[in-house]
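Since the structure comes first, as structure tokens, the remarks are kept for the end.
When a ligand or atom number is given, it counts from 1 through the structure's own listing order.
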Amino acid sequence: MKIIATTAYLLLISLIGFNVQGQETPNVIVIMADDLGYADVSFNGSIEIPTPNIDRIANNGVLFTSGYTTYCVCGPSRAGFITGRYQQRFGFERNPLYRVNDPYMGLPHDEMTIAESVSQIGYKSGIIGKWHLGAHISNHPLNRGFDEFYGHLGGGHRYFPNELTIPNSYDANNEDQSYRTWIMRNHSHEQTDEYITDEFSTEAVDFVSRHKDNPFFLFLSYNAPHAPMQAKAEDLALFPDLVDESNHKRKTYAAMVNAVDRGVGKVLDKLQELNIEDNTIVFFLSDNGGPESKNASDNGILRGGKSDVYEGGYRVPFAMQWKNRITPGVYDNPVSSLDIFATLSALSGSPTNAEKPLDGVNLIPYLSEEEEGKPHETIYVRKFDQDRHAVRHGDFKILYHKDNTNKKLYNLSTNISEEDSENLYWNATYLTKRNQLDSLKAEWEKDLKHPRFLGLLHDELVWATNITLSETNVEINPNQTKQLYATILPEDAFSNVIEWNSNNSAVASVDETGLIQAHTEGFALVTSRVVDRQQVYKRCIVKVGNPATATGIVLSDNNINVLTGEKAQLSATVSSDDNSLYAVEWSTNNPSVATVNENGFVLTHKKGFAVITAIVIDSEQVSAVCNINVNDYKATTNLFDINVPDVDDINIYPNPVTNGSLTINFNTTVKSARAEIYNAAGQKEKRVTIEKTDQFDLDISTLKSGIYFLRINVENKVITQKVIVNHLQ
Ligand code: CA
């Protein structure tokens with residue numbers, strides 16, 4: 001018996017997967033819908049729109065009745081989920097504009113994504129669908145830890161292939177154009193031929209199949225059912241009792257949700273078929289509540305919807321499964337989208353940034369009841385621009401709208417709809433509760449930052465273009481102070497918030513008002529920067545005491561080869577005849593290729609060559625350079641070992657083809673390609689996706705004899721060839 005038990009144990013280990021540290025390495029799939037209403041899944045009671053496949057997740061695992069996202073619109077909510085941190089901590093508090101030339105319009109480069117974490121312990125990470133965390137190439141998913149990307153960079157997309165008319169995503173200049181780009185496959189642009197919800201589902205199934213033997217993290221980020229309201233006829237036909245009105249397209253909405261549900265079913269079926277369900281955690285959630293008046297979603301009994309800090313704004317359909325590990329059930333304590341990163345990191349031991357701790361928690365011990373208590377005693381949200389704040393603590397929720405003038409205290413256990421007739425804020429019985437929630441709010445908000453960029457709501461406003469400083473050279477002695485003043489231009493610019501920074505705070509630090517405090521002899525560079533527009537800033541050289549002249553400088557790197565959008569951190573070591581502390585001034589000779597900030601952080605923008613120079617302040621003859629060679633993704637065949645074959649190089653044989661298979665040979669290794677076979681009536685009969693190979697076979701045994709069209713999509717090329725199938729009798 002003992003032997004059998006050991007064998008069973010070993011079998012369990014091999015099925016579940018552990019890493020070398022002995023920690024579990026489950027696959028994780030996060031399926032996120034976009035703007036889906038709380039009441040629009042049948043596990044939350046929807047009758048009009050059945051979601052049998054999404055329900056499978058809740059039935060197989062845990063249905064969370066109080067599942068929250070960290071914000072009530074798309075971009076910030078996704079920033080919170082993907083970093084596992086409240087995004088207000090790093091100023092991602094607006095929906096980013098689609099700006100391919102602005103590296104600061106998106107996820108800050110010093111925040112770690114879940115993909116950047118798990119890739120360090122061998123996970124393969126993919127995102128399929130909507131990104132919306134920055135359209136500059138430095139924020140492209142492949143530059144944020146993901147190994148694979150198939151989707152669109154912006155906040156939404158049109159659904160039918162004939163409306164996707166802009167091949168290159170970097171040619172789109174505004175939101176409307178961003179909805180019309182081709183789909184990106186990694187760094188290439190690919191023409192699609194299906195309704196994109198179905199494209200994304202097919203791709204997700206393919207991802208799971210290809211990585212079944214790895215630990216993997218897949219973010220299946222449907223843009224549905226976000227507007228524009230567009231559905232397939234076959235899905236519309238399933239809802240004969242629903243009608244579309246000009247401003248309330250419930251029927252189309254239902255059809256769009258159905259397409260998502262169909263895709264979820266395909267992914268779950270594939271996990272079953274590959275026998276990896278026990279080793280795969282699947283989460284399902286929406287990124288925010290339904291905007292009922294825009295996409296005809298329904299948040300049910302919850303008050304408000306998308307963009308509100310009422311429950312309808314950020315309490316979402318939320319479920320997870322981990323077959324044979326988590327006992328199925330309903331869980332009512334609050335959980336958060338923040339918990340996904342924390343759960344995976346805790347299970348697998350993937351690294352996180354100690355200076356930027358996660359706000360989420362590992363849910364597994366709570367769900368298995370090893371841990372008593374609640375994952376979150378408190379759930380927070382703040383909307384900076386609208387001056388809205390909400391804190392839920394236990395069953396109580398405090399809510400402020402605009403300048404603290406509109407104050408509410410609700411008991412959600414008896415008032416889930418946040419009815420103002422039961423506003424307890426001014427009820428003396430609840431004074432202690434109110435004060436407790438007030439202080440929780442104040443404590444949380446003191447660590448938050450101003451929004452770092454203007455957003456969708458500010459496109460028409462006046463942006464800052466320049467800053468003037470009261471002084472640009474300051475000489476002071478240790479322990480003295482000096483006040484700097486900054487003025488943002490033009491005067492009617494929307495943002496009036498300045499961020500101050502010193503690149504050598506051991507010599508001189510600066511506070512949030514521009515007050516410089518000198519400490520010890522040396523130099524520092526103090527910068528004044530417009531929050532919202534990080535490119536707009538001014539420098540002031542601060543000389544403290546009488547430091548000796550510097551004699552030498554060594555950089556951490558003198559030659560850097562990177563791909564477009566990748567980043568680098570440079571540092572300088574300065575030598576001198578005394579113990580003064582020196583600062584350097586960084587500059588670039590080619591800002592269109594690479595820029596550098598005052599701390600030596602290098603961002604690259606496009607293919608080319610740039611020289612970064614570090615000059616020791618006040619010792620101009622002491623300098624050093626670093627050559628930055630930025631390679632284009634497509635040109636770097638040696639880095640990826642990938643080639644784009646000439647059309648003439650592709651051999652398809654035999655043709656005519658009899659029983660068996662058709663061979664497609666590229667004469668070189670290609671990174672990825674897709675082959676599709678259409679019959680003479682134009683109906684697709686087969687589709688195969690391959691990667692990193694020079695040849696593959698397409699099984700034609702199931703096709704009837706006749707004429708077919710083979711379409712091969714490789715990199716950005718499409719090759720179509722007639723194929724005759726002639727089965728021998
Ligand atoms: Ca959304």
Side-chain angles (χ1 to χ4, degrees), residues 30-41 44 49 51 54 67-83 86-88 92-98 106-107 127-135 141 151-159 175-176 178-179 196-197 200 219-231 249 252-253 256-257 259-261 263-264 283-300 302 304-318 336-338 340 381 383 385-386 388 455-457:
V30 177
I31 305 173
M32 190 176 277
D34 195 351
D35 289 9
L36 178 67
Y38 184 83
D40 288 328
V41 287
N44 277 350
I49 310 174
T51 53
I54 297 169
Y68 289 93
T69 55
T70 58
Y71 207 76
C72 44
V73 303
C74 318
S77 166
R78 287 151 192 274
F81 149 67
I82 213 152
T83 58
Y86 278 114
Q87 68 287 341
Q88 293 96 338
F92 198 126
E93 211 167 333
R94 292 171 179 149
N95 256 332
L97 289 159
Y98 192 87
L107 202 60
I127 165 170
I128 295 166
K130 165 169 166 171
W131 176 238
H132 208 197
L133 292 171
H152 55 90
L153 296 173
H157 225 67
R158 305 193 75 82
Y159 290 85
E175 307 309 304
D176 178 63
S178 78
Y179 276 50
I196 63 169
T197 301
F200 294 155
F219 179 23
L220 174 52
S221 176
Y222 287 113
N223 60 305
H226 188 293
M229 305 312 292
Q230 299 181 318
K249 300 199 183 309
T252 302
Y253 174 82
M256 293 166 79
V257 173
V260 171
D261 187 68
V264 171
F283 288 92
F284 178 88
L285 72 165
S286 177
D287 66 340
N288 50 253
E292 295 177 333
S293 61
K294 285 194 176 149
N295 69 351
S297 51
D298 180 9
N299 298 311
L302 302 182
K306 178 177 182 177
S307 92
D308 285 322
V309 297
Y310 293 112
E311 295 289 289
Y314 61 120
R315 182 159 162 178
V316 294
F318 203 138
S336 168
S337 57
L338 296 166
I340 297 171
V381 68
K383 284 192 83 184
D385 289 321
Q386 291 81 8
R388 293 181 185 174
L456 275 181
L457 302 174

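When the ring pair (Phe, Tyr, Trp, His ring centres under 6.0 Å) test is applied to Y68, the partners found at least two apart in sequence or on another chain are Y314. By the side-chain hydrogen bond (donor to acceptor under 3.5 Å, both in side chains) test, T83 is found to be paired with no residue, residues two or more places apart in sequence or in another chain being considered. Under the rule for a side-chain hydrogen bond (donor to acceptor under 3.5 Å, both in side chains), the partners of Y253 that lie at least two apart in sequence or sit in another chain are D40.
Ring orientation note: the planes of H157 and H152 are close to parallel, at an angle under 30° on the 30°/60° scale.
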I would like to know whether K294 and K306 meet side chain to side chain contact (heavy atoms under 4.5 Å, CB included); could you show each step before the answer? CA-CA 10 Å; K294 285 194 176 149; K306 178 177 182 177; over 6 Å; no
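Counting only protein atoms, the N, O or S atoms lying less than 3.0 Å from the Ca ion (ligand 1) are D34 OD1, D35 OD1, C74 SG, D287 OD1, D287 OD2, N288 OD1, ordered by chain and residue number.
The shortest side-chain heavy-atom distance between L36 and F284 falls under the 4.5 Å cut-off.
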